[in-house]
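Beneath this line is the structure, given in structure tokens, with notes to follow.
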There are 2 protein chains.
Amino acid sequence: MRYQDAITARRLAAMTGDVEAGLPLRERTRRAVRAELLAVAMDLFTRRGYDTTTIDEIVAAAGMSRRSFFRYFTSKEDVVLGHLDSLGEELAEALAQRPAGEDAWTALRRAFDVFLAHHARDPQDALAIRRMLDSNPDLRARNLEKQCRWHEQLLPHVAPRLAAAPAGNGVDARPAAMIGAALACLEAANRAWKACDGEHSLDRILDDVMRAVRPGAF
Amino acid sequence: MRYQDAITARRLAAMTGDVEAGLPLRERTRRAVRAELLAVAMDLFTRRGYDTTTIDEIVAAAGMSRRSFFRYFTSKEDVVLGHLDSLGEELAEALAQRPAGEDAWTALRRAFDVFLAHHARDPQDALAIRRMLDSNPDLRARNLEKQCRWHEQLLPHVAPRLAAAPAGNGVDARPAAMIGAALACLEAANRAWKACDGEHSLDRILDDVMRAVRPGAF
DNA sequence: ATCGCATGTGGCACTCAGTGCAGAACCAGG
DNA sequence: CCTGGTTCTGCACTGAGTGCCACATGCGAT
């Protein structure tokens, strides 16, 4: 009975042929199942709260085994924050494609446009996730840790945009600090956006804070 | 035998009467036991690695029960990062005592001096902790989450140092962004300091990055 | 000195997240 | 129909963290 449900999802995967049309069947089914699981879990999280919802409850609602859950998500937190992994790559790519002469701060701000685009595509989802972050320290922690990975991915594209190091041939921390500061702005903007329930434009808030931190920028 | 060890530690507490002289016995013993536990745990962590060391091993080495461990530390991570809680308060107080006219960025930089003071008092310890942070994502995550608390504590002392908000009577995210950016600088400086094994002065590194992020500051 | 109370400690049983492993079920191609 | 590669399940296990109760301890009051 359980397994049959998964098969149903597999059939379902064969139908959803919009973006993933060219992919092999295996991959399509995998994505469909993952998406289904994600939807079920997020629904439970929003209705009953993140930490009061156990993985057993999720898999029961999704009609699959506990063990299989961990084949699709590496952890409970990954359900909420899994999308951040791919976002890091997108961010890095966007940054790489900014003109070479552009200063680091402006380039970072423009790279964040891909974040804003994702955000604008589904504001309700983003708001739900933000609210969840506020409700649970573990999630908050993991969220920030994921941004550490972004750090590493962005670093090679920031360093060349800075003036040469002042002196001392030690490790130059300025690129890392630049990225950290920019990401902190993004985070602060997000929080403020959530605080006003998404009434103000996130773009504007981000512009404001990034200009406040670095006067005279863009 | 176990309990007697705790008593030994209690006797020990009666002797260590330097800073905690005026405190009641209860509190002194509590601190002594906690310090002992901390020392034992950190020793195991550095020798055998953080995640390969279980709490059972720690309490076995310290001669106390598993259950009591959690009366002194709320979590395994708290052993490594517990000191950050009090540091947040110190930071907030230092910031509060900066002159009222001083601009936010400079005031934050000066407040960080209390961090640097702690740091200078025991650089070897700081280095060990930093290395541990790099080895374990959970620790890294929790570390950043602790700084979120600092955020809240610093906020009321930063907002008054900023020019009035440009327009739009929504939530002003600029103070939060300012703090986030400054803390990101502190974090980046720390990382760089660790990367060169503490050879360069953390003060200098911090000055450099905070000037790089905000040109023309102090 | 001793009695009672607040507090600290230990052991036990429990929940929950996450992992390793063995075997069953599945699908594709021959 | 069968065969080989993959996916799913069930089970047992570790490790962190919590609730509960009984017991030991220190301290103040009588």
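Quick note on labels: first sequence line is chain A, next is B, and so on, each numbered from 1.
The distance from atom CZ of B/R30 to atom P of C/dT7 is 12 Å, rounded to the nearest whole Å. For A/I58 and C/dG18, the CD1 to P distance is 10 Å, given to the nearest whole Å. If you take CZ of B/F69 and P of C/dG11, they are 16 Å apart, rounded to a whole angstrom. Taking atom CG on B/L37 and atom P on C/dT9, their separation rounds to 10 Å, with Å as the unit. The interatomic distance linking B/R28 (CZ) with C/dT7 (P) rounds to 18 Å, in whole Å. Distance, A/D51 CG to C/dT15 C1': 14 Å, rounded to whole Å. Rounded to a whole Å, the CG atom of B/D138 is 11 Å from the P atom of D/dA16. Between the CZ atom of B/R142 and the C1' atom of D/dG17 there is a distance of 12 Å, rounded to whole Å.
Note on A/R47 versus A/D43: salt bridge recorded, some NZ/NE/NH1/NH2 to OD/OE distance being below 4.0 Å.
The closest donor-acceptor contact from the side chain of B/H151 to the backbone of B/A176 lies under 3.5 Å. Between the B/S68 side chain and the B/M64 main chain, no donor and acceptor come within less than 3.5 Å of each other. A donor-acceptor contact shorter than 3.5 Å links the side chain of A/W150 to the backbone of A/L84.
No cation-pi contact links B/K76 to B/F70, judged by a cut-off of 6.0 Å to the six-membered ring centre and 45° from its axis.
For A/R66 against C/dG18, a side-chain N or O and a base N or O form a donor-acceptor pair under 3.5 Å. Side-chain atoms of A/R71 and base atoms of D/dT6 include no donor and acceptor less than 3.5 Å apart. Contact annotation: side chain of B/R67 to base of D/dG19, donor-acceptor pair present below 3.5 Å.
Contact check, A/S65 against D/dG10: no side-chain N or O comes under 4.0 Å of OP1 or OP2.
Backbone-only engagement by A/T54 is indicated by non-hydrogen atom pairs under 4.0 Å involving sugar-phosphate atoms exclusively. B/Y72 comes within 4.0 angstrom of sugar-phosphate atoms only, judged by non-hydrogen atoms across all strands, and of no base.
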